[in-house]
Amino acid sequence: MSIISETVAPKTVTETVVSDIRRPELVVAKFGGTSVADYASMSRCADIVLVNQATRLVVVSASSGVTNLLVELTQANVNDERRLVLLKQIAKIQYAILDELGRPQDVAASIDKILSRMSVLSESLELDRSKAVMDELLSTGEQCSSILFSAVIREKGVASNYFDVRQVLRTDSHFGRAEPQIEAIATLASDFLQPLLTDYVIVTQGFIGADDNGRTTTLGRGGSDYSAALLAEALCATAVEIWTDVAGIYTTDPRIAPNARPIAEISFNEAAEMATFGAKVLHPATILPAVRQKIQVFVGSSKAPEMGGTWIRHQVEDTPVFRAVALRRDQTLLNLHSLQMLHAQGFLAETFATLARHKISVDLITTSEVNVSLTLDKTGSDSSGQGLLSESLLQELSQHCRVRVEEDLALIAIIGNRIASTAGICSRVFKVLENHNVRMICQGASPHNLCVLVAESEAAQVVNALHQNLFE
């Protein structure tokens, strides 16, 4: 049986791509900022939701541009004049959607209440610059968009309610990059969210949660995808649909390689590698809950659902050696030099313990007798945009080694299958790279990737050349 209601005439990507799949009991749909940017976009996304009767939970980001404005509000150098300008710009986005809805009294009152709270929080940052206050301020964008999106669905004649995700998405108290508490989320979702899904299409927020004391937390930039997957895991959903402005996952960024082509189906392992190494269409953490529960994930364009998209599944039929070339810009290389490494034990343990205390995750690592080189991804910064390499971290590392930081680098990953065991891979790749200075090479830890670090200025040229050689 198709997972699409046959009473709805317009075909969407869900129908055209997976009509042969048994209807799942529950689909969780997530819409990014560009998908809920204005009333017309929300209306289009509501149609995508309503064409599939299995879609009972919708997770939304803040409307496009709102989070960036909120992040600017958290900055220490924002004066009163600029603060008022930013608040007016945010309010203008919300009121434009309200006007299209006819300004229903209850919805307008809810939006006004959040905007008022937004203003109070932005003022309070002058005296209290804690990340807890910043997180509560940053959460207001998703609160507004979820209220408005629920109203758009109701306008189309379907029962829908707004739900405050902070009731169920429990996290620790690491504001800015909070860690979800999986067991608590499952229990709370079962108690407070699951019972609502029978009678309503529930609209809730991505990116935000709450700690045990009820204080608002955020999951870090790009955390809305993660929120959707966490809720899908907690509710034992069969599928998560990630609706963005791109028609699925491509063999590389089409803006860099015009001949890049869409991928119809990839495995969890391949998708995890792609998300980790720069496929911006999917947040790196999204795949984790899906892997744990074998929840299939769909990625498609809310602007053109008829174009289809990419399904990410536990098992796939086609497993080519080369699947895609991923690019992650704005990379930092941390070089650590110490004679303590020479024929000694404990240096790496001490280094990683230091990084762990500062909640830094290392991507790639290479070592020699007295040097260690580590790559750190700046996209791992917290919700307020603060970076990873704090002065306190660098000072702590400097106590037991000499530290050198290199920036303006880009990480390029060749994603596929059996890369570590297929003869001729390296020679084929290195032929393309022979005229470029490669800062680091990592291969062998995973059968699904081969990574190189190059200058940011050369990244697009290298990606295009690799794509031509491997795919065209």
Exercise for the section: Enter the distance from Leu148:CG to Ile93:CD1 here, rounded to the nearest 0.5 Å. Expected result: 11.0 Å

Practice task
Could you tell me whether a side-chain N or O of Glu126 sits under 3.5 Å from a main-chain N or O of Ser124, the two making a donor and an acceptor?
Solution key: no

Practice task
Decide side-chain contact (heavy atoms from CB on, under 4.5 Å) for Ile312 and Ile249; before the verdict, give the C-alpha distance in whole Å, the side-chain angles of both, and the deciding distance to 0.1 Å.
Solution key: CA-CA 10 Å; Ile312 306 167; Ile249 301 174; 4.1 Å; yes

Completion exercise
In this structure, CG of Leu453 is separated from OG1 of Thr332 (nearest 0.5 Å) by 9.5 Å

Handout entry: From Gln167 atom CD to Leu193 atom CG, the distance as rounded to the nearest 0.5 Å
Key = 9.0 Å

Problem - Worked verdict on Met118 versus Leu137 for side-chain contact (heavy atoms from CB on, under 4.5 Å) - result: CA-CA 6 Å; Met118 189 186 298; Leu137 176 58; 3.6 Å; yes

Problem - Other residues, nucleotides, ligands: >12 heavy atoms within 6.0 Å of Lys156 NZ - result: yes

Handout entry: Ser61 backbone acceptor or donor facing Ser145 side chain under 3.5 Å
Key = yes

Problem - Donor-acceptor side-chain pairing of Thr354 and Glu350 below 3.5 angstrom - result: no

Handout entry: Any donor-acceptor pair under 3.5 Å from Thr252 side chain to Val325 backbone
Key = yes

Practice task
Check the side chains of His314 and Gln296 for a donor-acceptor pair under 3.5 angstrom, ignoring hydrogens and angles.
Solution key: no

Problem - Contacts of type ring-ring contact (aromatic ring centres under 6.0 Å, His included), residue Phe471, not counting sequence neighbours - result: His467

Exercise for the section: Indicate yes or no for a side-chain donor-acceptor contact from Ser43 to the backbone of Ala40 under 3.5 Å, with no hydrogens or angles considered. Expected result: no

Problem - Student check: side-chain heavy atoms of Glu233 and Arg292 closer than 4.5 Å - result: yes

Exercise for the section: Would you name the heavy atoms of Asp199 and Ala159 that are closest together and state the gap between them? Expected result: O-CB, 3.7 Å

Exercise for the section: Before giving the answer on side-chain contact (heavy atoms from CB on, under 4.5 Å), spell out for Phe207 and Tyr226 the whole-Å C-alpha distance, their side-chain angles and the decisive distance to 0.1 Å. Expected result: CA-CA 7 Å; Phe207 173 64; Tyr226 194 19; over 6 Å; no

Exercise for the section: Apply the test side-chain contact (heavy atoms from CB on, under 4.5 Å) to residues Leu235 and Leu197: give CA-CA distance (whole Å), side-chain angles for both, the deciding distance (0.1 Å), then the verdict. Expected result: CA-CA 10 Å; Leu235 296 167; Leu197 301 179; 4.1 Å; yes

Practice task
Locate the shortest heavy-atom distance separating Ala62 from Gly141; write the atom from each residue and the value.
Solution key: CB-C, 3.5 Å

Problem - Nearest heavy-atom neighbours spanning Asp172 and Ala178 - result: OD1-CA, 3.4 Å

Exercise for the section: Determine whether Thr204 and Tyr162 make a side-chain contact, defined as any pair of heavy atoms from C-beta on separated by less than 4.5 Å. Expected result: no

Practice task
For residues Leu393 and Ile360, report the shortest heavy-atom separation together with the two atoms involved.
Solution key: CD2-CG1, 4.0 Å

Practice task
Apply salt bridge (charged side-chain N to carboxylate O under 4.0 Å, His left out) to Asp164 and list each qualifying residue two or more places apart in sequence or on a separate chain.
Solution key: Arg166

Exercise for the section: May I ask you to check whether Arg83 and Ser122 show a side-chain donor-acceptor distance below 3.5 Å? Expected result: yes

Problem - Inter-residue atom distance Thr310.OG1 - Met274.CE, 0.5 Å rounding - result: 8.0 Å

Problem - Arg56: partners by salt bridge (charged side-chain N to carboxylate O under 4.0 Å, His left out), with sequence neighbours left out - result: none

Handout entry: Close side-chain approach of Val71 and Leu138, heavy atoms under 4.5 Å
Key = yes

Exercise for the section: Answer whether the closest heavy-atom distance between the side chains of Leu411 and Cys451 falls below 4.5 Å. Expected result: yes

Donor-acceptor list for residues 108-116 side chains, cut-off 3.5 Å, not counting sequence neighbours:
{"from": "Ser110", "atom 1": "OG", "to": "Asp106", "atom 2": "O", "distance (Å)": "3.1"}
{"from": "Asp112", "atom 1": "OD1", "to": "Tyr95", "atom 2": "OH", "distance (Å)": "2.5"}

Practice task
Would you please say whether a donor-acceptor pair under 3.5 Å links the side chains of Ser160 and Ser150?
Solution key: yes

Problem - Carboxylate-amine/guanidinium proximity below 4.0 Å for Arg323 and Glu273 - result: no

Practice task
Without swapping roles, check the side chain of Thr217 against the backbone of Phe175 for a donor-acceptor pair under 3.5 Å.
Solution key: no

Practice task
Output yes when a side-chain donor or acceptor of Glu72 lies under 3.5 Å from a complementary backbone atom of Asn68, and no otherwise.
Solution key: no

Problem - Side-chain heavy-atom pair Thr34, Ser41 within 4.5 angstrom cut-off - result: no

Exercise for the section: Quick one: pull up OG1 in Thr218 and CD in Glu136 and give me the separation to the nearest 0.5 Å. Expected result: 11.5 Å

Practice task
Compute whether any side-chain donor of one residue and acceptor of the other, for Asn269 and Ser267, lie under 3.5 angstrom apart.
Solution key: no

Problem - Leu57 vs Val203 side-chain heavy atoms within contact, under 4.5 Å - result: no

Handout entry: Considering all heavy atoms, the nearest Pro195-Asp191 contact
Key = CG-O, 3.5 Å

Exercise for the section: Please report the shortest heavy-atom distance between Cys45 and Phe31, naming the atom on each side. Expected result: SG-CD2, 3.3 Å

Practice task
Decide yes or no for Thr251 and Ile263: does some side-chain heavy atom of the first lie under 4.5 Å from some side-chain heavy atom of the second?
Solution key: yes

Exercise for the section: May I ask you to decide whether Lys30 forms a salt bridge with Glu241, counting only side-chain N to carboxylate O separations under 4.0 Å? Expected result: no

Handout entry: Residue list, salt bridge (charged side-chain N to carboxylate O under 4.0 Å, His left out) with Asp99, at least two apart or on another chain
Key = Arg103

Handout entry: Heavy-atom side-chain contact between Leu73 and Leu87 under 4.5 Å
Key = yes

Exercise for the section: State plainly whether the residues Asp211 and Arg170 are in salt-bridge range, i.e. N to O under 4.0 Å. Expected result: no

Handout entry: Lys/Arg N to Asp/Glu carboxylate O, Asp135 vs Arg215, below 4.0 Å
Key = no

Exercise for the section: Answer with yes or no whether the side chains of Gln143 and Thr140 bring together a donor and an acceptor at under 3.5 Å. Expected result: no

Practice task
Tell me, with the steps shown, if Ser146 and Gln205 meet side-chain hydrogen bond (donor to acceptor under 3.5 Å, both in side chains).
Solution key: CA-CA 6 Å; Ser146 53; Gln205 310 82 40; 3.0 Å; yes

Fill in the blank from the handout: Those residues at least two apart in sequence (or on a different chain) that pass salt bridge (charged side-chain N to carboxylate O under 4.0 Å, His left out) with Arg418 are none

Practice task
Go through the steps for Thr216 and Ser139 under the test side-chain hydrogen bond (donor to acceptor under 3.5 Å, both in side chains), then give the verdict.
Solution key: CA-CA 8 Å; Thr216 301; Ser139 76; 4.6 Å; no

Handout entry: Check against side-chain hydrogen bond (donor to acceptor under 3.5 Å, both in side chains), Asn417 and Glu270
Key = CA-CA 8 Å; Asn417 299 276; Glu270 293 170 305; 2.6 Å; yes

Handout entry: Straight-line distance of Leu327 CG to Arg255 CZ, nearest 0.5 Å
Key = 10.0 Å

Exercise for the section: Run the ring-centre check on Phe163 versus Tyr200 and record whether the distance is less than 6.0 Å. Expected result: no

